[in-house]
Amino acid sequence: MDTTRGGHHKVALASWPTPLEPAPRLAQALGLGPDDLWIKRDDLIGLGGGGNKVRKLEWTCGQALAEGARTLVTSGAPQSNHARLTAAAGARLGMDTVLVLAGEPTETAAGNLALDGLLGARIVWAGSVGGAELAAVLDRVVGELRERDAAPALIPFGGSSPVGALGYVDGGHELLAQAPDLATAVVALGSGGTMAGLVRALGADRVLGVHCGAVPDPGHTLDLLLTDLYAPSPAPRQPGLRLRLDQVGAGYSRLTEPVAEAVLLAARTEGLVLDPVYTGRAMAGLVTAVREGDIRPGERTVFIHTGGLPGLFGHQEALLRAGEVLAACTR
Ligand SMILES: Cc1ncc(COP(=O)(O)O)c(C=O)c1O
């Protein structure tokens, strides 16, 4: 159902609520009680392969439609989950989608990129550029679309504007209805909108964000979003925010040993598949938080599964590691 709130428009892109499932074997492997750890299955959101970005797209696409847009435009890395799901939203809404991706054209398409094509998006390769240059290419593409009367709407990087973050204010309230005794929701922090929305709905003390290396200064990114989401009241800031910065390793697109171990543990205890960039890092952060006593037995912890599985199939280091794991299973 489409709705309006505070002057913002929301368009329905999926069915809610997503399931909340127990993870007793993983909980016990970590030293928690069997009823302490639950998984919020936002990876099962039924659009374009699922994932957290759909909640944000309900609001950013709602705004685009209200403004009369006919074309969605966004940017990202070649393996961007947000870009893939923007393409899916465009298809679902009967809009054209243009994805401006940082990188060079490839002959074969893997992971998210394979789905971008299937979903009918037009890809513009910006070359191997940094954030500022990518933004310049994006501006040029939007300008060209305007000249051609294609009515473009710019969907923000990662979907993380204050409007996009409203999707996770909704998501936080949905979770609270399912788990009223929630102590900690653990979530991957990329462009920040997911954590910001959850903080607005659940309070800063109940959200643990695990930085994945997608932005240079996650505290600052969150401050900007939260200022808007709490206005005119003052927003919580660090040190009030629970942020883990220790899971990035050598960089955003690199696989770390704690992430590889966390991915294996979740798969082998619960049949739960995670990706190497976002949910794997969030799980590695959860494992460390339990070890350090920040997450304790007897309290309800919810791991937000934000999706991202297609990215695993476009991640060379993770696939090499999967090959080693397979070889060990074959002996
Ligand atoms: C699978 C997945 N999980 C988590 C995130 C982080 O969400 P946010 O960008 O709202 O911080 C992303 C962002 O790209 C993602 O693709």
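Just follow the structure's listing: the first ligand is 1, and inside any ligand the first atom is 1.
- In this model, no donor atom of one side chain and acceptor atom of the other lie less than 3.5 Å apart for Asp170 and Trp16.
- Every atom of ligand 1 is numbered from 1 in the order shown, and the set under 4.0 Å from a heavy atom of Ala188 is 4 (C), 6 (C).
- Ligand 1 has no atom lying under 4.0 Å from any heavy atom of Gly51.
- Where the criterion is an N or O separation shorter than 3.5 Å, residue side chain and backbone included, Gly192 meets it with respect to ligand 1.
- Side chain of Arg41 to backbone of Glu21: no donor-acceptor contact under 3.5 angstrom is found.
- Contacts with ligand 1 closer than 4.0 Å are made by side-chain heavy atoms of Lys56 only, the backbone lying farther away.
- Under a 4.0 Å criterion applied to the non-hydrogen atoms of Gly307, ligand 1 contributes the atoms 1 (C).
- With a 4.0 Å cut-off on non-hydrogen atoms, Ala282 does not touch ligand 1 at all.
- At the top of the distance list for atom 3 (N) of ligand 1, counting protein heavy atoms only, stands Thr306 OG1, 2.6 Å.
- Salt-bridge check for Lys10 with Glu58: passed, with a basic side-chain N closer than 4.0 Å to an acidic carboxylate O.
- Remark: minimum distance from atom 6 (C) of ligand 1 to any protein heavy atom is reached at Gly190 N, 3.4 Å.
- Of all the atoms in ligand 1, the ones that sit under 4.0 Å from a non-hydrogen atom of Leu189 are 11 (O).
- Distance from atom 7 (O) of ligand 1 to its nearest protein heavy atom, with residue and atom name: Asn52 ND2, 3.0 Å.
- Protein heavy atom at the shortest distance from atom 16 (O) of ligand 1 is Asn81 ND2, 2.8 Å.
- For atom 13 (C) of ligand 1, the nearest non-hydrogen atom of the protein is Lys53 NZ, 2.7 Å.
- Between the side chain of Arg281 and the main chain of Val259, no donor-acceptor pair closer than 3.5 Å is present.
- Side-chain polar atoms of Asp42 and Thr18 form a donor-acceptor pair below 3.5 angstrom.
- A donor-acceptor pair is defined here as one N or O able to donate and one able to accept, closer than 3.5 Å; no such pair exists between the side chain of Thr306 and the backbone of Asn52.
- Checked for salt-bridge contact, Glu261 and Arg321 miss the test: no charged N lies under 4.0 Å from a carboxylate O.
- Using modelled atom types, one finds a donor on one side chain and an acceptor on the other under 3.5 Å when comparing Gln247 with Thr288.
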Yes or no on side chain to side chain contact (heavy atoms under 4.5 Å, CB included) for Asn81 and Arg84, after CA distance, side-chain angles and deciding distance?
CA-CA 5 Å; Asn81 295 301; Arg84 180 238 316 163; 2.9 Å; yes
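- Listed by atom number, the atoms of ligand 1 under 4.0 Å from Gly308 heavy atoms are 1 (C).
- Residue contacts with ligand 1: Thr279 is placed with no nitrogen or oxygen under 3.5 Å of a nitrogen or oxygen of the ligand (distance criterion only).
- Ion pair Arg148/Glu144 not flagged as a salt bridge, since none of the NZ, NE, NH1 or NH2 atoms sits closer than 4.0 Å to an Asp/Glu carboxylate oxygen.
- Geometrically, ligand 1 and Ser191 share a nitrogen or oxygen pair separated by less than 3.5 Å.
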